[in-house]
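Position 1 is the first residue of the sequence; numbering continues from there.
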Amino acid sequence: MSQTGELYPEILRIDNTKRSCASECLTKYYWQFKRHLKPKQGSTALRYGIVWHAAMDAYYGYIAENGWIRDGKALELALLTARVYRDWE
C-alpha cells in the first residue's frame, strides 16, 4: 500500500508530453493519445531538416567520390535529391 496508485486509483497519471499536447489543443490530444492517430506529415521544420540533410549528403557524397570538380554536377545532384525528398515528404 505504499504506492500512490494503490491508495488513490482514481488519480490521473499523465506524462509531460501528454500534458503539453492537451494544453496546446484538446482535440489534438484526443486524436493522438486516445485514438492513437498521428498526422501524415511532420512539422515544417522537421521536413525542412530532412530535405536539407539529404541534399547535403548527396552534395558531399558526390564530391567525396569525384573530387572538387567545378562542373556543377554536385549541385545538380543535391537539388534533384532535395526535390525527391520534398515530394516524398
Side-chain angles (χ1 to χ4, degrees):
M1 284 229 170
S2 63
Q3 293 181 351
T4 306
E6 293 175 10
L7 292 174
Y8 305 103
E10 71 278 358
I11 291 177
L12 175 65
R13 298 199 182 278
I14 189 165
D15 61 19
N16 195 44
T17 303
K18 290 179 181 177
R19 185 203 56 78
S20 63
C21 181
S23 68
E24 181 182 322
C25 178
L26 288 175
T27 304
K28 180 180 177 181
Y29 173 84
Y30 169 77
W31 287 111
Q32 188 168 349
F33 294 104
K34 297 297 184 183
R35 299 294 304 267
H36 304 288
L37 298 174
K38 294 190 178 187
K40 289 183 178 182
Q41 297 180 355
S43 69
T44 301
L46 181 61
R47 291 192 328 252
Y48 177 84
I50 290 169
V51 171
W52 174 261
H53 285 282
M56 292 297 100
D57 186 46
Y59 180 78
Y60 288 110
Y62 182 88
I63 291 171
E65 290 178 11
N66 301 299
W68 288 96
I69 303 171
R70 294 183 175 249
D71 60 0
K73 292 190 180 187
L75 186 57
E76 289 175 13
L77 180 62
L79 291 173
L80 176 65
T81 303
R83 285 188 194 115
V84 168
Y85 271 82
R86 180 201 62 202
D87 294 342
W88 176 71
E89 282 289 318

_Within one Ile-Leu-Val-Met-Phe-Trp-Tyr cluster: Tyr59 and Val84, side-chain cutoff 4.5 Å_ = no

*How long is the span from the NZ atom in Lys34 to the CG atom in Leu26, to the nearest 0.5 Å?*
11.5 Å

*Between OG1 on residue Thr81 and CZ on residue Arg86, distance to nearest 0.5 Å*: 12.5 Å

_Approximate separation, where rounding is to 0.5 Å, of Asp15 CG and Cys21 SG_ = 10.0 Å

*asked:* Nearest 0.5 Å, please: how far is CG in Asp71 from CD in Glu76?
replied: 7.5 Å

*asked:* Suppose we screen for ring pair (Phe, Tyr, Trp, His ring centres under 6.0 Å). Which residues come up paired with Tyr48, at least two apart in sequence or across chains?
replied: none

*List the atom of Ala78, the atom of Ala58, and the distance in Å for their closest heavy-atom pair.*
CA-CB, 4.3 Å

*Specify the closest pair of heavy atoms between Ile63 and Ala74, including all atoms of both residues, with the distance to one decimal.*
CG1-CB, 4.0 Å

*Just jot down the salt bridge (charged side-chain N to carboxylate O under 4.0 Å, His left out) partners of Lys28, sequence neighbours excluded, or say none.*
Glu24

*Out of curiosity, does Leu46 fall in the hydrophobic cluster containing Tyr85 (side-chain heavy atoms, cut-off under 4.5 Å, transitive links)?*
yes

*asked:* Quick check on the hydrophobic clustering: are Leu37 and Tyr30 connected, directly or via other members, by side-chain heavy-atom contacts under 4.5 Å?
replied: yes

*Taking the hydrophobic residues Ile, Leu, Val, Met, Phe, Trp and Tyr, and joining any pair whose side-chain heavy atoms are under 4.5 Å apart, which ones share a cluster with Tyr62?*
Leu77

